[in-house]
There are 2 protein chains.
Amino acid sequence: MATPTPTRQRRRGHDPESVLATAVGVFNERGYDGTSMEDLARALGVTKSAIYYHVPGKEQLLSRALDRALDGLFEMVADERASSGAAIERLEWVVRQSVRLLIDRLPYVTLLLRVRGNSGTELAALERRREFDRFISRLVTEAATEGSIRADVDPGLVTRLLFGSVNSITEWYQPARGASADDLADALLKMTFGGLRVDPAA
Amino acid sequence: MATPTPTRQRRRGHDPESVLATAVGVFNERGYDGTSMEDLARALGVTKSAIYYHVPGKEQLLSRALDRALDGLFEMVADERASSGAAIERLEWVVRQSVRLLIDRLPYVTLLLRVRGNSGTELAALERRREFDRFISRLVTEAATEGSIRADVDPGLVTRLLFGSVNSITEWYQPARGASADDLADALLKMTFGGLRVDPAA
DNA sequence: TTGTCAACTGACCGAATGTTCGGTAAACAA
DNA sequence: TTGTTTACCGAACATTCGGTCAGTTGACAA
């Protein structure tokens, strides 16, 4: 009755969502601290002050973007497939999902991986990220205890190097030209779990 | 005869080198754009203007730091061991040397890996870095052609994931508590070349 | 004792920063 | 027609920025 058309064809213009999307893009190009509100305004095609009509300020943009990445990570570890079954299977699943999430939310995860703790917002994000890292580290330790991955390298080190590879995706992946998330995950798992070297005995 | 003591016990105080070292440390903590000259001055225990007695300005500090990392990389690829012998051997050597350089010049390389191209200085550094990356990529391709590393993953992808692991060292390595460069390189090569998974047939 | 000089300080500059505010044109509702 | 809302502009705000410069300090040489 009221609200005749629930979402009437809203006239051209921005909204909090489109501002966030553009902002994250610019943040990733120039870095958060290297981006001025003037830069954002230019990218949006409006003046600086128009931005404040849609969002409360620069730091809120960062905060919302980081949450979008972190929420994805924590939804992942909350899944049953991350906590039941053989540790090696869970680890593979988590790595695969991480690659998928990285690509699904590329700009948001990219931003997260570059945070250094310059503000309360950044420190809070860093702490949530460390919690995720601890989860992965436990998984790797379990897989080593299980005997399914090599035990001659410290599990903490394995975790870091493995996710060093995974996270590097944000540094070079181009959605337009790159492989699909699944293809990328396949290649990454083949490499990290199977190893680069061809068996001379084969 | 002249200059009675070539380097007399110079009185307390800073010099271009110590300013650079401190600056790079702060740049890595807060990010280059997130660091003000006031921040630097505080870290050095002097006023802002004292910094300009030793170095020409903020961007020169960045430039000198990046050169220190890039010069190391190019000295490495200029070595004979990077260009003669089996490709797989050269690749292993370059990876090992990269780990060593990363740790030897940790703060400088860390800074280099975070550059995004916001200024002429940064763009020039990015271009030199890309040249290094191309060298590595060629090496990996040769090793694949040789048949010494797996051919079922694109060489460009292998390069990126491999050096994703290597470069991640800057994100977590702590000189005081961490392993030596050689131990780290051993573990990394074991993992990346040998693979994580334990052979079920073994 | 005087002079030199490296190493700094403190006051300052113009430009850029993130943010606020008063106003306004266009679309829509009554 | 009138009033309201949406989405914006332009000017201004206080603050911070990188950088300059005239002067001061203290160690040392002559």
Side-chain angles (χ1 to χ4, degrees), chain A residues 1-24 26-27 29-66 111 118-122, chain B residues 1-24 26-27 29-66 111 118-122:
Chain A
M1 280 157 189
T3 64
T5 31
T7 311
R8 184 81 97 112
Q9 181 79 27
R10 273 270 144 258
R11 193 169 35 95
R12 56 145 78 239
H14 297 286
D15 57 38
E17 180 56 38
S18 71
V19 171
L20 178 60
T22 303
V24 172
V26 183
F27 288 165
E29 267 177 41
R30 304 167 114 81
Y32 174 76
D33 285 313
T35 302
S36 69
M37 293 303 274
E38 193 63 56
D39 291 330
L40 279 193
R42 207 175 303 121
L44 286 162
V46 295
T47 47
K48 260 197 303 178
S49 42
I51 299 173
Y52 291 88
Y53 177 76
H54 299 291
V55 294
K58 196 187 178 189
E59 196 167 350
Q60 313 284 333
L61 281 169
L62 178 63
S63 172
R64 290 180 194 184
L66 297 178
L111 198 58
N118 282 352
S119 62
T121 298
E122 297 196 6
Chain B
M1 276 145 194
T3 63
T5 30
T7 309
R8 183 80 98 112
Q9 181 79 27
R10 273 268 144 258
R11 192 168 35 95
R12 56 143 79 238
H14 297 285
D15 57 38
E17 180 56 38
S18 70
V19 171
L20 178 60
T22 302
V24 172
V26 183
F27 288 165
E29 267 178 41
R30 304 167 113 82
Y32 174 74
D33 285 313
T35 302
S36 69
M37 293 303 274
E38 193 62 56
D39 290 331
L40 280 193
R42 207 174 303 121
L44 287 162
V46 295
T47 48
K48 248 198 319 175
S49 37
I51 299 174
Y52 290 89
Y53 177 76
H54 298 291
V55 293
K58 194 187 178 189
E59 197 167 350
Q60 314 285 335
L61 281 168
L62 178 62
S63 173
R64 290 179 193 186
L66 296 179
L111 198 58
N118 283 352
S119 63
T121 299
E122 297 196 6

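Naming convention: chains lettered A, B, ... in sequence-line order (proteins, then strands); numbering from 1 in each chain. Just so it is clear, the model here is predicted, and its values are computed rather than measured.
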Quiz item: Is there a side-chain contact between Ile51(B) and Val19(B) (heavy atoms, below 4.5 Å)?
Solution: yes
Self-check item: Phosphate OP1/OP2 of dC8(D): any His54(A) side-chain N/O under 4.0 Å
Solution: yes
Quiz item: How far does CG of Leu66(A) sit from CD of Glu59(A), to the nearest 0.5 angstrom?
Solution: 10.0 Å
Quiz item: In whole angstroms, how far is the P atom of dC21(C) from the CD1 atom of Ile51(A)?
Solution: 17 Å
Using the 3.5 Å cut-off, write out each protein N or O paired with an N or O of nucleotides 16-21 of chain D and the distance between them.
| unit_1 | atom_1 | unit_2 | atom_2 | d |
| --- | --- | --- | --- | --- |
| dG18(D) | OP1 | Thr35(B) | O | 3.1 |
| dG18(D) | OP1 | Lys58(B) | NZ | 3.0 |
| dG18(D) | OP2 | Met37(B) | N | 2.7 |
| dG18(D) | N7 | Lys48(B) | NZ | 3.0 |
| dG18(D) | O6 | Lys48(B) | NZ | 3.3 |
| dG19(D) | OP2 | Tyr52(B) | OH | 2.9 |
| dG19(D) | OP2 | Lys58(B) | N | 2.9 |
| dG19(D) | O5' | Tyr52(B) | OH | 3.4 |
| dG19(D) | O6 | Lys48(B) | NZ | 2.6 |

Practice problem: Check whether any side-chain N or O of Tyr53(A) sits under 4.0 Å from OP1 or OP2 of dC8(D), and answer yes or no. | Solution: no
Exercise. Whole angstrom is fine here: how far is it from CG in Asp15(A) over to C1' in dT5(D)?
Key: 16 Å
Quiz item: Would Leu61(A) and Phe27(A) count as a side chain to side chain contact (heavy atoms under 4.5 Å, CB included) if you check the C-alpha gap in whole Å, the side-chain angles of each, and the deciding distance to 0.1 Å?
Solution: CA-CA 10 Å; Leu61(A) 281 169; Phe27(A) 288 165; 4.1 Å; yes
Practice problem: Measure the shortest side-chain to side-chain distance between Glu29(A) and Asp39(A) over non-hydrogen atoms and say whether it is less than 4.5 angstrom. | Solution: no
Quiz item: Is the backbone of Tyr32(B) close enough, under 3.5 Å, to the side chain of Lys58(B) for a donor and an acceptor to pair up by distance?
Solution: yes
Practice problem: Could you check His14(B) against Thr22(B) for side chain to side chain contact (heavy atoms under 4.5 Å, CB included), going step by step and ending with a plain yes or no? | Solution: CA-CA 10 Å; His14(B) 297 285; Thr22(B) 302; 5.6 Å; no
